[in-house]
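Atom set for the values below is all heavy atoms of this structure, side chains included, hydrogens, waters and symmetry mates excluded. Just so it is clear, the model here is predicted, and its values are computed rather than measured.
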Amino acid sequence: MRYDLVIFDNDGVLVDSEPISNTILAAYLTELGHPTSYEESIRDYMGSAMHRIHELVQERSGQRLPDDFDDVFHGRVFAAFERELQPVPGAVQLLGKLAADEVPYCVASSGSHERIRVGHRKTGLDRWFDEGRVFSSQDVGRGKPAPDLFLYAAERMGVAPERCVVVEDSPLGVRAANAAGMDVYGFTAMTPAAKLTGATELFSELGELSDLLV
């Protein structure tokens with residue numbers, strides 16, 4: 001094993017949530033008078049914490065989003081998750097193999113703890129993640145692309161940053177892993193490889209990860 005800890009991003013890596021959440025986000029921002037396409041939502045917000053949405057909208061429009069924006073958005077997303085969410089193909093098999101091989105792993109997501117748990121319960125991935133393996137941008141002061149979340153996860157798991165590898169599908173996440181001094185494997189299922197510059201390795205299916213990790 002090349003690493004002592006595998007740190008997974010969640011949305012788009014373990015659960016196939018990015019198409020759902022970005023469709024809803026684009027529609028909601030447009031509804032509020034900030035016209036946003038699905039493609040623009042993916043470009044600007046994929047992999048980011050909620051505070052980034054507020055900051056970019058205010059920076060671009062000079063207007064603040066409503067105080068209940070996060071609650072309304074999450075309510076719509078969670079309802080859609082219950083109807084539609086699936087694990088990313090290969091996620092169940094990969095987590096089962098890591099667990100069987102006793103490879104330490106965790107998840108470090110820009111999403112809230114509630115979002116992570118809702119998604120994991122719906123997809124059945126909760127069996128692989130006890131509370132000690134779940135970390136959220138809520139746990140730190142700054143979300144990705146700051147390195148804080150990945151460094152926090154490594155510290156809590158008792159592993160030095162240079163012995164960690166991050167599995168990410170967003171440019172913000174790759175930047176965060178680079179800043180944390182960790183190797184990062186870029187998942188190109190939704191994100192073009194050219195946008196994941198800085199990744200240590202690139203892969204297009206979760207089934208490829210086992211060979212990369214050894």
Side-chain angles (χ1 to χ4, degrees), residues 5-28 38 41-43 45-50 52-53 70 73-99 103-139 143-144 149-150 153 165-174 176-177 184-191 195-196 199 202-210 212-213:
L5 177 65
V6 182
I7 303 176
F8 289 100
D9 175 43
N10 189 55
D11 293 291
V13 172
L14 296 176
V15 296
D16 195 16
S17 53
E18 294 290 7
I20 297 171
S21 59
N22 281 282
T23 297
I24 292 170
L25 178 58
Y28 188 26
Y38 170 77
S41 182
I42 290 286
R43 181 194 69 198
Y45 304 120
M46 181 173 161
S48 67
M50 290 299 294
R52 179 178 169 87
I53 301 172
D70 291 13
F73 172 65
H74 284 131
R76 295 180 183 185
V77 168
F78 295 165
F81 279 4
E82 291 297 337
R83 296 190 303 268
E84 306 172 40
L85 190 63
Q86 298 291 326
V88 170
V92 171
Q93 294 83 350
L94 176 61
L95 291 169
K97 186 176 191 314
L98 293 178
V103 175
Y105 64 88
C106 65
V107 63
S109 172
S110 292
S112 66
H113 278 282
E114 183 182 15
R115 177 181 171 124
I116 298 167
R117 285 303 179 198
V118 168
H120 284 188
R121 283 196 301 270
K122 168 61 178 172
T123 58
L125 297 187
D126 53 343
R127 66 176 292 193
W128 307 110
F129 291 96
D130 56 45
E131 289 296 331
R133 295 180 190 267
V134 178
F135 306 101
S136 160
S137 61
Q138 288 181 310
D139 300 326
K144 306 169 189 176
L149 176 57
F150 291 144
V165 62
V166 174
V167 183
E168 264 287 354
D169 70 332
S170 75
L172 291 175
V174 170
V184 54
Y185 291 167
F187 188 21
T188 62
M190 276 194 64
T191 307
K195 293 189 176 182
L196 297 177
L202 296 172
F203 68 100
S204 60
E205 298 180 358
L206 284 183
E208 300 173 41
L209 258 185
S210 295
L212 291 174
L213 293 173

So which heavy atom on K144 is nearest to which on G173, and how close? CD-CA, 4.0 Å
Do the ring planes of Y185 and F203 sit parallel (below 30°), tilted (30 to 60°) or perpendicular (above 60°)? perpendicular
Of the non-hydrogen atoms in D169 and G12, which two are nearest, and what is the gap between them? OD2-CA, 3.4 Å
Mind listing the side-chain donor-acceptor pairs of residues 82-89 below 3.5 Å, one per line with the distance, residues two or more places apart or on another chain?
none

Just verifying a value: how many Å separate L94 CG and L213 CG, rounded to the nearest 0.5 Å? 7.0 Å
Could you tell me the separation between the CZ atom of F187 and the CG atom of L196, rounded to the nearest 0.5 Å? 11.0 Å
Indicate the ring-plane relationship of F81 and F78, choosing parallel, tilted or perpendicular according to the 30° and 60° boundaries. tilted
Is there a side-chain contact (heavy atoms from CB on, under 4.5 Å) between L209 and F8? Walk through the geometry before answering. CA-CA 11 Å; L209 258 185; F8 289 100; 4.1 Å; yes
Of N22, T123, D11, the residue whose pairing with S17 passes side-chain hydrogen bond (donor to acceptor under 3.5 Å, both in side chains): D11
Quick one: list whatever passes salt bridge (charged side-chain N to carboxylate O under 4.0 Å, His left out) with K195, sequence neighbours left out. none
Which heavy-atom pair separates V174 from A199 by the least distance, and what is that distance? CG1-N, 3.8 Å
Show the atom names and distances, to 0.1 Å, of all donor-acceptor pairs under 3.5 Å that link a side chain in residues 131-138 to residues at least two apart or in another chain.
| from | atom 1 | to | atom 2 | distance (Å) |
| --- | --- | --- | --- | --- |
| E131 | OE2 | R117 | NE | 3.4 |
| E131 | OE2 | R117 | NH2 | 3.3 |
| R133 | NH1 | Y105 | O | 2.9 |
| S136 | OG | G111 | O | 2.7 |
| S136 | OG | Q138 | N | 3.0 |
| S137 | OG | S110 | O | 2.6 |
| Q138 | OE1 | H113 | N | 2.9 |

Can you tell me if CZ on R43 sees more than 12 non-hydrogen neighbours from other groups inside 6.0 Å? yes
Give, for atom CG of N10 and atom CZ of R115, the distance between the pair rounded to the nearest 0.5 Å. 8.0 Å
Could you grab the distance from atom CD of E208 to atom CG of L202, nearest 0.5 Å is fine? 10.0 Å
State the OH-CD distance between Y38 and E18, to the nearest 0.5 angstrom. 8.0 Å
Of the non-hydrogen atoms in D9 and L14, which two are nearest, and what is the gap between them? O-CG, 3.7 Å
Compare all side-chain heavy atoms of F150 with those of V184 and state whether any distance is below 4.5 angstrom. no
Tightest non-hydrogen contact, residues L149 and S109, listed as CD2-O, 3.4 Å
For the atom pair CG (D126) and CZ (F129), what is the distance rounded to the nearest 0.5 Å? 10.0 Å
Residues V118, H74; criterion side-chain contact (heavy atoms from CB on, under 4.5 Å); working and verdict: CA-CA 11 Å; V118 168; H74 284 131; over 6 Å; no
Over all atoms of both residues, closest heavy-atom pair of T191 and P171: CG2-CD, 4.2 Å
